[in-house]
**Q** 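Here it is, the structure, as structure tokens.
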Amino acid sequence: MTRVIRVDDPRDPRLADYTDLTDVDLRRRREPAEGLFMAEGEKVIRRSLQAGYPLRSMLLTERWLDAMADVIENAEGPVYVAAPDTVEHVTGYHVHRGALASMHRKPLPPVGELLGRARRVAILEAVNDHTNIGAIFRGAAALGMDAVLLSPDCADPLYRRSVKVSMGAVFSVPYARLAPWPHALGAVRDAGLTLLALTPADRAVPLYELPYAAVERCALMLGAEGPGLSRKALDAADELVRIPMSHGVDSLNVGAAAAVAFYAVGHGRPGA
């Protein structure tokens with residue numbers, strides 16, 4: 001059995017992975033550079049392990065020892081146990097779920113590998129809000145998207161907030177960075193996928209009017225909330241598409257729009 005190590009000093013260097021979790025800018029730089037990410041809560045920790053992410057260590061409060069007993073039994077990294085106030089001092093906030101794990105990242109798959117086996121993918125441009133990233137991944141997993149491709153300036157799907165909002169769905173949908181942007185969109189078209197750019201513009205075709213041939217193999221492009229897709233991304237698309245709106249509403253939150261669009265090109269289409 002993995003040795004459980006009790007820690008009383010929040011300055012203990014063995015807890016370095018868990019320090020300053022509320023410093024978003026620091027963690028966004030540090031975690032990819034050091035090849036780690038944070039999994040928070042029992043379900044997310046279990047899902048990250050099931051997805052094959054190696055464990056670096058765990059930090060638990062006493063009350064989680066029984067619930068996580070099987071995970072601890074098979075853990076390859078150290079398991080630290082500390083009082084709630086010690087954990088709060090280390091992380092910078094009250095960890096409501098009382099369980100944290102530092103996980104090793106895995107190399108991202110080549111874009112060509114994902115496109116070769118995908119029927120429908122989501123492409124995100126400059127979506128830099130972690131909550132929106134998490135919501136989009138959760139929708140992609142639930143509604144049958146095969147992969148997510150991110151422009152270089154998109155937020156990190158493995159940042160703690162993204163993982164939490166997605167309820168671990170970031171572990172079940174493969175993703176990669178699409179670069180150089182937007183020139184790499186040509187590789188998506190070359191792989192046989194139709195590029196559909198989601199925009200509220202009046203000239204865009206309502207999603208429900210698209211023929212099945214247009215969505216049989218397609219890539220749905222979504223931009224950041226507010227600015228939407230850039231002019232270059234729109235120009236690279238094969239078709240501009242929109243979600244029809246009612247009651248004077250001009251657009252949806254990008255996470256909600258993504259979910260509607262994912263359903264429309266997948267489950268909502270004959271023969272999908």
Side-chain angles (χ1 to χ4, degrees), residues 7 10 12 14-61 63-64 67-68 71 75 77-82 84-108 124 126-142 148 150 152-177 224-225 253-255 258:
V7 179
D12 191 312
R14 293 175 294 183
L15 302 183
D17 282 2
Y18 303 93
T19 57
D20 301 316
L21 294 186
T22 57
D23 189 331
V24 178
D25 289 338
L26 172 64
R27 298 300 301 200
R28 281 192 305 193
R29 295 192 305 270
R30 178 185 171 193
E31 291 183 11
E34 296 184 17
L36 65 91
F37 71 91
M38 285 290 117
E40 181 178 356
E42 179 185 2
K43 288 183 179 179
V44 171
I45 292 172
R46 290 182 182 277
R47 287 175 183 172
S48 62
L49 291 168
Q50 290 165 3
Y53 288 91
L55 180 77
R56 287 166 65 104
S57 67
M58 281 197 292
L59 176 60
L60 309 175
T61 55
R63 63 182 292 266
W64 283 98
M68 301 291 286
V71 177
V79 177
Y80 302 111
V81 178
D85 58 342
T86 301
V87 174
E88 182 173 352
H89 192 96
V90 172
T91 61
Y93 73 106
H94 177 63
V95 183
H96 298 284
R97 289 174 173 80
L100 288 167
S102 175
M103 312 296 298
H104 287 283
R105 291 176 182 248
K106 297 190 293 185
L108 294 181
L124 310 184
V127 178
N128 49 34
D129 181 273
H130 294 102
T131 297
N132 286 335
I133 287 284
I136 291 169
F137 268 84
R138 189 172 184 182
V148 176
L150 308 164
D153 52 353
C154 279
D156 179 11
L158 294 184
Y159 181 70
R160 181 171 55 92
R161 180 65 179 166
S162 301
V163 173
K164 187 175 179 180
V165 171
S166 79
M167 291 299 293
V170 294
F171 306 135
S172 58
V173 181
Y175 71 92
R177 297 279 177 179
E225 199 157 324
N253 163 276
V254 67

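Along the sequence shown, residues carry numbers from 1. Predicted model, so just to flag it, every value in this text is computed and none were measured.
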**Q** Could you go through the side-chain contact (heavy atoms from CB on, under 4.5 Å) check for M38 and V163 one step at a time?
**A** CA-CA 8 Å; M38 285 290 117; V163 173; over 6 Å; no
**Q** Do the non-hydrogen side-chain atoms of L36 and R105 ever get within less than 4.5 Å of each other?
**A** no
**Q** Are any of the side-chain heavy atoms of V24 and R161 separated by less than 4.5 Å?
**A** no
**Q** Of the non-hydrogen atoms in L55 and G77, which two are nearest, and what is the gap between them?
**A** CD2-N, 4.0 Å
**Q** Would a distance-only check, ignoring hydrogens and angles, find a side-chain to backbone donor-acceptor pair under 3.5 Å from Y18 to A101?
**A** no
**Q** Enter the distance from E31:CD to R28:CZ here, rounded to the nearest 0.5 Å.
**A** 11.0 Å
**Q** Quick check against the 3.5 Å criterion: does R177 have a side-chain atom that pairs as donor or acceptor with the backbone of L150?
**A** no
**Q** Which atom names give the shortest non-hydrogen contact between V71 and R46, and what distance separates them?
**A** CG2-NH1, 3.5 Å
**Q** Given side chains that start at C-beta, do those of L15 and P10 come closer than 4.5 Å, heavy atoms only?
**A** no
**Q** Are any of the side-chain heavy atoms of V81 and T61 separated by less than 4.5 Å?
**A** no
**Q** Taking all atoms of both residues into account, what is the closest heavy-atom pair of T19 and R27, and its distance?
**A** O-NH1, 2.7 Å
**Q** Between D23 (side chain) and L26 (backbone), is there a donor-acceptor pair under 3.5 Å?
**A** yes
**Q** Quick one: does R47's side chain have a donor or acceptor within less than 3.5 Å of a partner on M167's backbone?
**A** yes
**Q** What is the minimum heavy-atom distance between I136 and G255, and which atoms define it?
**A** CG1-CA, 4.0 Å
**Q** For the residue pair Y53 and F171, is the inter-centroid distance of their aromatic rings smaller than 6.0 Å?
**A** yes
**Q** Just so I know, are the side chains of H130 and V165 near enough to count as touching, which here means a heavy-atom distance under 4.5 Å?
**A** no
**Q** Counting the benzene-type ring for Trp, do F137 and Y175 have ring centres under 6.0 Å apart?
**A** yes
**Q** Checking the side chain of K106 only, and the main-chain atoms of P54 only, is there a donor and an acceptor separated by less than 3.5 Å?
**A** no
**Q** Any side-chain heavy atom of D153 sitting closer than 4.5 Å to one from N128?
**A** no
**Q** Has R160 got a side-chain atom pairing as donor or acceptor with L21's backbone, closer than 3.5 angstrom?
**A** yes
**Q** Measure the CG-CD distance between L59 and E40 for me, rounded to the nearest 0.5 Å.
**A** 11.0 Å
**Q** Less than 4.0 Å between a side-chain N and a carboxylate O, is that true for D17 and R56?
**A** yes
**Q** Do M68 and E42 come close enough that some side-chain heavy atom pair is under 4.5 Å?
**A** yes
**Q** Please give me the minimum heavy-atom distance between V170 and P157, naming the atom from each residue.
**A** CG1-O, 3.5 Å
**Q** How close do A155 and I133 get, heavy atom to heavy atom, and via which atoms?
**A** CB-CG1, 3.9 Å
**Q** Spell out, as yes or no, whether a donor-acceptor pair under 3.5 Å connects the side chain of S48 to the backbone of V44.
**A** yes
**Q** To the nearest 0.5 Å, how far apart are OH in Y93 and CG in D20?
**A** 12.0 Å
**Q** Between S162 and L158, is there a donor-acceptor pair closer than 3.5 Å when you use the side chain of the first and the backbone of the second?
**A** no
**Q** Less than 4.5 Å apart, side chain to side chain, heavy atoms only: is that true for Y80 and M58?
**A** no
**Q** Taking the side chain from R14 and the backbone from P78, do they hold a donor-acceptor pair closer than 3.5 Å?
**A** no
